[in-house]
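Basis for what follows: all heavy atoms, side chains included, without hydrogens, waters or symmetry-related copies. Order of appearance sets the numbers: ligands from 1, and atoms from 1 within every ligand.
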Amino acid sequence: MKRLAIIGSGDLALQIAHHAIFDNHYSVVGCFDDYKEEGDFNKNLLILGKLDMIESCYKNDVFDVLIIGIGYNHMDFRNQLFTRYKNIIPFGTIIHSSCQIDKSTMIGSGSIIYPGCNFDMNVEIGENCLIYNGCIIAHDSKIATNSILSPGVNLAGFCFIGENTNFGIGTIISDNVTIVNNVRTGAGAVVVKSISVSGLYVGIPAKKVK
Ligand SMILES: CC(C)(COP(=O)(O)OP(=O)(O)OC[C@H]1O[C@@H](n2cnc3c(N)ncnc32)[C@H](O)[C@@H]1OP(=O)(O)O)[C@@H](O)C(=O)NCCC(=O)NCCS
């Protein structure tokens, strides 16, 4: 079994470690965090060092694959980290065994698919995405790199979602909708038309508020 190291040591990192271990994807050797001391623990997650130790630990055979455990409050930092390491260190991917994923679906490295997701024919999920519990993505819809879908997001067919997306819990995207990079939605937003301007959208139908 390959050995996983996680960037970040907070709640998201603990969730990733939990699914990696208990759903039999990876053993977990620990995590990197600039705000913690090497050798400390968060619960059972060992701090391997600060982020500047990632490359040396990989070269010293401490771990085999990396996953970013930094959440939606730091979208740019997630992106920077993935861009920095993706050509140097292999990224892991976790697709929880409870998901129903059509064989034609493509899922990029570094992405995590939480329990209970359902992806239909020709769905594509980019690299370094977090797709939380129970998201449904219908046929032929695509989500670009470094995007986060909160629990219970539903996408209809033929949707094209840009990079650095952060959809709030229960967001619904109607069919044939295209959304530019850097769009956030509030909880329960319903997007019925394509979005061509980045920003925060809330409500039904979703309107730009920031
Ligand atoms: C939209 C959101 C990002 C705004 O957060 P915020 O910037 O802190 O804004 P506030 O909570 O101060 O709300 C500002 C206004 O928008 C309204 N509002 C907030 N969230 C809303 C939503 N989802 N739909 C409609 N209106 C919303 C508030 O009622 C408030 O209205 P008011 O100014 O008339 O009182 C946040 O409310 C939200 O929905 N986050 C998603 C959370 C989520 O999905 N978490 C899952 C993590 S896995």
Would you check if there is a donor-acceptor pair between the side chains of S111 and T93 at a distance under 3.5 Å? no
Take N164 and N181 through the side chain to side chain donor-acceptor pair (under 3.5 Å) test and state the conclusion after the steps. CA-CA 6 Å; N164 310 320; N181 297 344; over 6 Å; no
Polar contact flag for A187 and ligand 1 (N/O pairs, less than 3.5 Å): yes
Give me the residue, atom name and distance of the protein heavy atom closest to atom 46 (C) of ligand 1. S150 OG, 3.6 Å
Protein non-hydrogen atoms only, distance under 4.0 Å: does atom 5 (O) of ligand 1 have such a neighbour? no
re atom 48 (S) of ligand 1, the protein heavy-atom contact at minimum distance is P151 CD, 3.7 Å
CG of L149 to CD1 of I131, rounded to nearest 0.5 Å, is 4.5 Å
From the candidates V202, V209, V153, V190, the one that places a heavy atom nearest atom 24 (N) of ligand 1: V202
Less than 3.5 Å between some nitrogen or oxygen of K210 and one of ligand 1, yes or no? yes
What is the closest protein heavy atom to atom 44 (O) of ligand 1, and at what distance does it sit? I169 N, 2.7 Å
Closest protein heavy atom to atom 36 (C) of ligand 1, given as residue, atom name and distance to 0.1 Å: G186 CA, 4.9 Å
Would you confirm whether any non-hydrogen atom of the protein falls under 4.0 Å from atom 34 (O) of ligand 1? no
Any donor-acceptor N or O pair under 3.5 Å, side chains N118, Q100: yes
Would you call Y72 a ligand 1 contact, heavy-atom distance under 4.0 Å? yes
When you compare ligand 1 with G168, is there at least one nitrogen or oxygen pair between them that comes in under 3.5 angstrom? no
Would D23 and S97 count as having a side-chain donor-acceptor pair, cut-off 3.5 Å? yes
Within a radius of less than 6.0 Å around NZ of K50, do more than 12 heavy atoms belonging to other residues, nucleotides or ligands occur? yes
Expected output: side-chain T171 to main-chain T185 donor-acceptor under 3.5 Å: no
Is a donor on one side and an acceptor on the other found under 3.5 Å between the side chain of D64 and the backbone of R3? yes
Among all the protein's heavy atoms, is there at least one whose distance to atom 31 (O) of ligand 1 comes out below 4.0 Å? no
To which protein heavy atom is atom 3 (C) of ligand 1 closest, and what is the distance rounded to 0.1 Å? R184 NH1, 3.7 Å
Check the side chains of Y114 and Q15 for a donor-acceptor pair under 3.5 angstrom, ignoring hydrogens and angles. yes
For atom 14 (C) of ligand 1, is some protein heavy-atom partner under 4.0 Å away? no
